Amino acid sequence: MQLSEQELVRRQKLDKLRALGINPYPADLFPVNHTSKQIKSDFEEGKQVIIAGRLMAINIQGKASFAQLQDSEGRIQVYFNRDEICEGEDKSLYNDVFKKLLDLGDFVGIEGTLFTTQVGEKTVMVKDFKLLSKALKPLPIPKQKDGVTYDAFTDPELRYRQRYADLVVNPHVKEVFVKRTKLFNAMRQFFNDAGYFEVETPVLQPIPGGAAARPFITHHNSLDIPLYMRIANELYLKRLIVGGFDGVYEFSKNFRNEGMDRTHNPEFTAMEIYVSYKDYNWMMDFCEQLLEHCALAVNGTSEATFGEHKINFKAPYKRITMRDSILEFTGFDIYNKSEDEIRAAAKAMHIEVDETMGKGKLIDEIFGEKCEGNYIQPSFITDYPKEMSPLCKEHRENPELTERFELMVCGKEIANAYSELNDPIDQRERFEHQLKLAQKGDDEATEFIDHDFLRALEYGMPPTSGMGIGMDRLIMFLTNNQSIQEVLFFPQMRPEKKKVDLSDNEKAILEVLKAEKRMDLVALKSQSGLSNKGWDKGIKGLGKHGLTKVEKTDDGLFVELV
RNA sequence: GACCAGUUAGCUCAGUUGGCAGAGCAUCUCCCUUUUAAGGAGAGGGUCCUGGGUUCGAGCCCCAGACUGGUCACCA
């Protein structure tokens, strides 16, 4: 491994610390009794405190120094005065250990008393300190003055690959994840207060159901069967409603083997909830109450900014049927129209359609193209075509529609809910229809029939309404992040290129040289068969690695293995 | 998958017609006992993403590739 100069220096410091009898990675508990935040909020001149954290700034001024200590809640200034730390004649703790052997990023524990400096900064006067853990790599620490950040650590690739470093140096990043957890807690609280029951269902499923998506596939060795990572947990939660729970919910890590972009990660988190004896109208009320509650818990206000938009999660939300929405934005009424009429209308709107698209798909295309993007404020779109919704109950007034709504915010779907289909015969027919669509080549159709789920429905499922919420999308809206990677601690990335020890050029030269140990340079160059540039890079690289040596004699230049 | 942009010191970034590789911060040495982007003096630090080509000479021009970001396509 190639170490930078700074990394080498820190490793040398490690050795010097050990030589002084200081363990750079001590095992024993450090009795922290304050955080940086507590010191500032309950400041009291002369109070004794014990704190710990990372050194994030060191400012040495001779016999006294200032430093910034960062803990989980922020930073506090600490003041190292030589004669406070070293009361006797031996000043080495200050002069050697503090000044020479500590670095930015090191964890230290500090015992001290509070005071205020001449410029008014609340500060800890260090009486004693202890190295708790040495940092061997320098952190990309930005500087700040007058609210302006300099040299900020901003490269998205480095930030995502090294989230640990991102979190240390970018406090606003940590804030996003604090809000993410607040959102989960708020939602959980809301459901629990309503009397619903949090459950866990299988991630490894023999049949990937509940959505149409390409699954990740794995294999169970003992059973010798394929298993799929779940793409949704819907069918399992409904089985629990069959089993007699009134309301069940689960925060579900789902896995979909599809493309990655600004709004898609191969694993993402959905929340699904099912409540018996309710319908989708009830669920709309419940949903808007829930989101208002969550927005308040996360941001302290129902208002949120997303890019150029100001959105407000305060209930109630606009409700409009898909038919009325299409009528509003295109002037075309899909009611009682044949598939051909709708296809012709879509073509007239310059929407790309083809003959394999059924009525439902065509309507969905029109809505997606002409309507969806117009809904900035939270809006419920209701009554979707039957073909698009194989798990949803037929509409009580129109057999071509389903009792389904989606909640749109800024033109994006964040919730999807049904009056759940509980007619086992209808459900079987819908599955079979999906199977036919899939065999026809519709890659959005589900190609598996879950017979065990149908068996469960045959025992009887009460009328039920269910809803799914994309948690990652929701937290993006609540924290004004345009990219899903900003709201996942560890977004999926391509593997880092592993650094090869020797380049191909260097290997080619070594291969030739190995037989001879020492060769004429010109002969070696021609035998290696490399281009001028390739030779040049290769031989320079080998020299740098200390593997070969070039020697000049009266007979010419010779290359030697070291 | 298509197109556009980027990749240079630990970090953020310059880099002229193609002619010795640069700055600030960080690091190292020295001075400095209430500073705060502390300050002052000095020094070191580079696989210019990888590979090939053009050229006397490439960070820069050409070709191929890698990774990242963005836009579009795809995605219940």
Side-chain angles (χ1 to χ4, degrees), chain A residues 2-10 12-13 57-68 75 77 79-84 94 100 103-105 115-121 123 125 137-161 165 169 210-214 231-232 234 256-264 266 270 352 360-361 364 368 384 387-392 404 406 413 416 418 443-446 468 470 482-483 485 493-497 499-500 502-506 530-534 537-538 540-541 544-545:
Chain A
Q2 285 279 25
L3 293 178
S4 71
E5 181 200 14
Q6 291 189 50
E7 290 171 308
L8 288 169
V9 166
R10 291 192 180 204
Q12 286 161 13
K13 291 180 180 180
I58 300 174
N59 172 8
I60 296 176
Q61 306 183 63
K63 295 179 186 64
S65 306
F66 291 93
Q68 294 279 333
R75 292 189 187 182
Q77 177 165 272
Y79 176 66
F80 288 84
N81 181 301
R82 188 192 67 181
D83 298 329
E84 292 285 339
Y94 179 79
K100 308 238 184 219
D103 286 297
L104 294 178
F115 76 108
T116 308
T117 63
Q118 288 175 1
V119 294
E121 179 97 12
T123 304
M125 169 87 72
K137 273 180 93 68
L139 284 163
I141 301 177
K143 292 262 180 156
Q144 281 206 327
K145 174 162 179 149
D146 303 330
V148 183
T149 305
Y150 300 83
D151 299 336
F153 182 55
T154 53
D155 182 336
E157 174 169 9
L158 290 176
R159 286 184 46 235
Y160 301 152
R161 287 196 195 280
V169 302
R214 212 166 350 140
I231 56 176
E234 172 156 357
R256 297 188 181 178
N257 204 341
E258 289 166 354
M260 291 161 57
D261 63 23
R262 209 167 80 260
T263 54
H264 295 84
E352 269 190 54
K361 179 79 176 160
D364 191 58
Y384 282 62
E387 200 172 313
M388 305 300 297
S389 317
L391 298 164
C392 183
R404 171 178 180 181
E406 288 195 358
E413 170 205 340
N416 180 21
Y418 308 146
D443 48 11
E444 284 183 27
T446 315
Q482 310 287 325
S483 163
Q485 297 168 107
M493 304 284 277
R494 281 177 203 274
E496 280 182 86
K497 233 186 323 185
K499 299 243 161 119
V500 283
L502 291 180
S503 72
D504 290 344
N505 291 333
E506 292 163 2
L530 293 171
S531 68
N532 281 341
K533 186 176 276 185
K537 290 211 172 190
K540 275 181 183 164
K544 199 162 190 171
H545 289 132

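Small disclaimer: the values here were computed from a predicted structure and weren't measured. Hydrogens, waters and symmetry mates play no part in the numbers below; they use all other heavy atoms, side chains included. Here is the naming used below: chain letters follow the sequence lines, and residue numbers restart at 1 for every chain.
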Using the [atom1] atom as the point on both nucleotides, what is the distance between [M] and [N], in whole Å?
N: B:A23; M: B:C62; atom1: P; result: 29 Å
N: B:U35; M: B:U8; atom1: P; result: 39 Å
N: B:G45; M: B:C75; atom1: C1'; result: 48 Å
N: B:G52; M: B:A58; atom1: P; result: 13 Å
N: B:U7; M: B:A43; atom1: C1'; result: 29 Å
N: B:C63; M: B:C3; atom1: P; result: 13 Å
N: B:C67; M: B:C49; atom1: C1'; result: 8 Å
N: B:C60; M: B:C20; atom1: C1'; result: 16 Å

Output all residues satisfying salt bridge (charged side-chain N to carboxylate O under 4.0 Å, His left out) with [X], sequence neighbours left out; order by chain, then residue number.
X: A:Glu84; value: A:Lys127
X: A:Asp83; value: A:Lys91
X: A:Glu121; value: none

Distance, rounded to the nearest Å, where [X] contributes [atom1] and [N] contributes [atom2]:
X: A:Arg10; N: B:U27; atom1: CZ; atom2: P; answer: 8 Å
X: A:His264; N: B:G69; atom1: NE2; atom2: C1'; answer: 18 Å
X: A:Ile58; N: B:U27; atom1: CD1; atom2: C1'; answer: 12 Å
X: A:Leu3; N: B:U47; atom1: CG; atom2: P; answer: 13 Å
X: A:Glu157; N: B:C49; atom1: CD; atom2: C1'; answer: 10 Å
X: A:Leu8; N: B:G10; atom1: CG; atom2: P; answer: 12 Å
X: A:Phe153; N: B:C13; atom1: CZ; atom2: P; answer: 11 Å
X: A:Asp151; N: B:A9; atom1: CG; atom2: P; answer: 14 Å

Closest listed nucleotide, where the reference is the side chain of [X] and the choices are [options]:
X: A:Leu104; options: B:C11, B:U27, B:U36; result: B:U27
X: A:Thr154; options: B:A76, B:C13, B:U68; result: B:C13
X: A:Lys145; options: B:A37, B:A76, B:G10; result: B:A37

NA contact type, [X], heavy-atom cut-off 4.0 Å: base, sugar-phosphate, or nothing?
X: A:Pro266; result: nothing
X: A:Tyr150; result: base
X: A:Ala152; result: sugar-phosphate
X: A:Gln6; result: base

*Measure from the side-chain N and O atoms of A:Arg214 to the backbone N and O of A:Glu258, and report whether any donor-acceptor pair falls under 3.5 Å.*
no

*Would you give the length of the straight line joining atom NZ of A:Lys143 to atom CD1 of A:Ile141, rounded to the nearest 0.5 angstrom?*
8.5 Å

*Would you give the length of the straight line joining atom CG of A:Asn416 to atom OG of A:Ser389, rounded to the nearest 0.5 angstrom?*
7.5 Å

*asked:* Going by ring pair (Phe, Tyr, Trp, His ring centres under 6.0 Å), name the residues that satisfy it together with A:Tyr79, two or more places apart in sequence or in a different chain.
replied: A:Phe66, A:Phe115

*Who pairs with A:Phe80 by ring pair (Phe, Tyr, Trp, His ring centres under 6.0 Å), at least two apart in sequence or on another chain?*
A:Phe98, A:Phe129

Using purine N1 to pyrimidine N3 plus N6-O4 or O6-N4 for Watson-Crick, or N1-O2 and O6-N3 for G-U wobble, each under 3.5 Å, what pairs with [N]?
N: B:U68; result: B:A5
N: B:C11; result: B:G24
N: B:A73; result: none
N: B:G46; result: none
N: B:U29; result: B:A41
N: B:C60; result: none

*Considering residues at least two apart in sequence or located in another chain, which fulfil the side chain to side chain donor-acceptor pair (under 3.5 Å) criterion with A:Glu7?*
A:Ser4, A:Lys137

*Which residues satisfy the side chain to side chain donor-acceptor pair (under 3.5 Å) test with A:Tyr384, sequence neighbours excluded?*
A:Glu406

*Hey, which of these two, A:Glu258 or A:Leu158, hits RNA chain B nearer its 5' end, going by closest nucleotide?*
A:Leu158

*Nearest-nucleotide 5' precedence on RNA chain B, A:Leu139 against A:Glu406*: A:Leu139

*Do the side chain of A:Gln77 and the base of B:U35 come within less than 3.5 angstrom through a donor-acceptor pair of N or O atoms?*
yes

*Answer yes or no: side-chain N or O of A:Asp155 and base N or O of B:G69 forming a donor-acceptor pair under 3.5 Å.*
no

Taking only N and O in the side chain of [X], is any of them less than 4.0 Å away from OP1 or OP2 of [N]?
X: A:Arg161; N: B:U68; result: yes
X: A:Lys143; N: B:G24; result: no
X: A:Arg494; N: B:U68; result: yes

*Closest approach of A:Arg75 to A:Gln68 (non-hydrogen atoms, all atoms of both residues)*: CB-OE1, 3.7 Å

*Over all heavy atoms of both residues, which pair between A:Tyr94 and A:Gly62 is shortest? Give the atoms and the distance, please.*
OH-O, 2.8 Å

Protein-nucleotides 70-72 of chain B N/O pairs closer than 3.5 Å?
| residue | atom | partner | partner atom | Å |
| --- | --- | --- | --- | --- |
| B:U71 | OP2 | A:Arg262 | NH1 | 2.8 |

Atom pairs under 3.5 Å, N or O on each side, protein against nucleotides 29-34 of chain B: can you list them with distances?
| residue | atom | partner | partner atom | Å |
| --- | --- | --- | --- | --- |
| B:C30 | OP2 | A:Lys100 | NZ | 2.9 |
| B:C32 | N3 | A:Gly62 | N | 3.2 |
| B:U33 | OP2 | A:Lys63 | N | 3.1 |
| B:U33 | O2 | A:Asn81 | ND2 | 2.5 |
| B:U33 | O4 | A:Asp83 | OD2 | 2.3 |
| B:U34 | O2' | A:Gln118 | OE1 | 2.5 |
| B:U34 | O2' | A:Gln118 | NE2 | 3.1 |
| B:U34 | O2 | A:Gln118 | N | 3.1 |

_Test applied, side-chain contact (heavy atoms from CB on, under 4.5 Å); reference residue, A:Gln485; option that passes from A:Met493, A:Arg262, A:Met260_ = A:Met493

